[in-house]
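Heads up, the thing below is written out as structure tokens.
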Amino acid sequence: TPASLGPFTVVLLGDNGVGKSALASIFAGASDSMGSECELYGGEVFEQTITVDSERATVTLLDMWDSQDEGSWTQEHCLQTGDAFIIVYAITDRSSFLRASDLRIQLRRQREADRTPIILVGNKCDLVRCREVSISEGCSSAAVFDCKFIETSAAMQHNVWPLFEGIIRQLCLRRDST
Ligand code: GDP
Ligand code: MG
């Protein structure tokens, strides 16, 4: 088998309750490889080797962001170690959407002038009747902050793999252009 790219560290960010761990557990359950899993700093770390566009990439996914723990060492660690970020909000919770913009600003401040891939994720899109954030708001927020956008449902397993594949593609593209 050809050598795999990476390992890339991908960090999940976003308010508590938006579905980060639900997304991470789908990632952890990927069946095309033997993943590994461990606990670190009160969160979880998952490693998988995934094939995207016939390239193999090893991804370490960090699910340890605690939005209550403002300015903590763990938060600093997350912001500094990511090769890419997944910023999650729930489409049913406008405050989590506003928080996602704050996180984007915080990331840009902390890592100015780098081209770290970021995807803005509107999760819980199965809860159509409780929607507080429209698709077009999500889209335009991503455009303003110069990142990609996708709506997912961890509960329905909708768009979750396109999300992870998308971030891997961006990481591979960035590697190719340096
Ligand atoms: P975290 O705090 O960001 O890690 O959020 P969790 O993954 O623990 O999810 C918080 C709650 O939202 C749990 O009760 C999940 O079952 C639920 N949840 C997560 N994703 C979805 C989703 O896509 N749709 C629905 N309906 N519920 C979800
Ligand atoms: Mg969690």
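For ligands, and for the atoms within them, numbers begin at 1 and follow the listed sequence. By convention here, the first residue in the shown sequence is residue 1. Just so you know, these numbers come straight off a predicted model, no measurement behind them.
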Please could you name the atoms of ligand 1 that Ala154 approaches to less than 4.0 Å, counting only its heavy atoms? 20 (N), 22 (C), 23 (O)

How are the rings of Tyr89 and Phe149 set relative to one another: parallel (under 30°), tilted (30 to 60°) or perpendicular (over 60°)? parallel

What protein heavy atom is closest to atom 28 (C) of ligand 1, reported as residue, atom name and distance in Å? Lys124 CE, 3.8 Å

Check ligand 1 against Asn16 and write out every atom of the ligand that is under 4.0 Å from a heavy-atom position of the residue. 2 (O)

Ignoring hydrogens and geometry beyond distance, is a side-chain donor-acceptor pair present between Thr49 and Thr58 at under 3.5 Å? yes

Any idea which atoms of ligand 1 are less than 4.0 Å away from a heavy-atom of Leu127? 26 (N)

Distance to 0.1 Å, residue and atom name: give those for the protein heavy atom nearest to atom 20 (N) of ligand 1. Asn123 ND2, 3.1 Å

Out of all atoms in ligand 1, which are within 4.0 Å of some heavy atom of Lys20? Include the element for each. 1 (P), 2 (O), 3 (O), 4 (O), 5 (O), 7 (O)

If we number the atoms of ligand 1 from 1 as shown, the ones under 4.0 Å from a heavy atom of Asp126 are 22 (C), 23 (O), 24 (N), 25 (C), 26 (N)

Only residue of Asn123, Asn159, Asp126 satisfying side chain to side chain donor-acceptor pair (under 3.5 Å) with Thr152 is Asn123

Ile167: which of Ile119, Ile150, Asp83 passes side-chain contact (heavy atoms from CB on, under 4.5 Å): Ile119

among protein heavy atoms, the one nearest atom 8 (O) of ligand 1 is Ser21 CB, 4.2 Å

Nearest-contact summary for atom 6 (P) of ligand 1 - protein heavy atom, Å: Gly19 CA, 3.7 Å

Using a 4.0 Å cutoff against the non-hydrogen atoms of Ala22, which atoms of ligand 1 qualify? 7 (O), 19 (C), 20 (N)

Element-labelled atoms of ligand 1 that are located less than 4.0 Å from some non-hydrogen atom of Asp15: 3 (O)

In one Ile/Leu/Val/Met/Phe/Trp/Tyr side-chain cluster, 4.5 Å: Ile26, Leu127: no

Distance check below 2.8 Å: does Asn16 bring an N, O or S atom to the Mg ion (ligand 2)? no

State whether any protein heavy atom lies less than 4.0 Å from atom 13 (C) of ligand 1. no

Check whether Ser141 reaches the backbone of Glu137 with its side chain - one donor and one acceptor, N or O, closer than 3.5 Å. no

Among Leu13, Leu61, Val88, exactly one meets side-chain contact (heavy atoms from CB on, under 4.5 Å) together with Lys20. Which residue is that? Val88

Can you find a heavy atom in the side chain of Trp65 that is under 4.5 Å from one in the side chain of Leu12? no

the protein heavy atom lying closest to atom 2 (O) of ligand 1 turns out to be Gly17 N, 2.7 Å

When you measure from the side chain of Gln75 to the backbone of Asp66, do you find a donor-acceptor pair of N or O atoms at a distance under 3.5 Å? yes

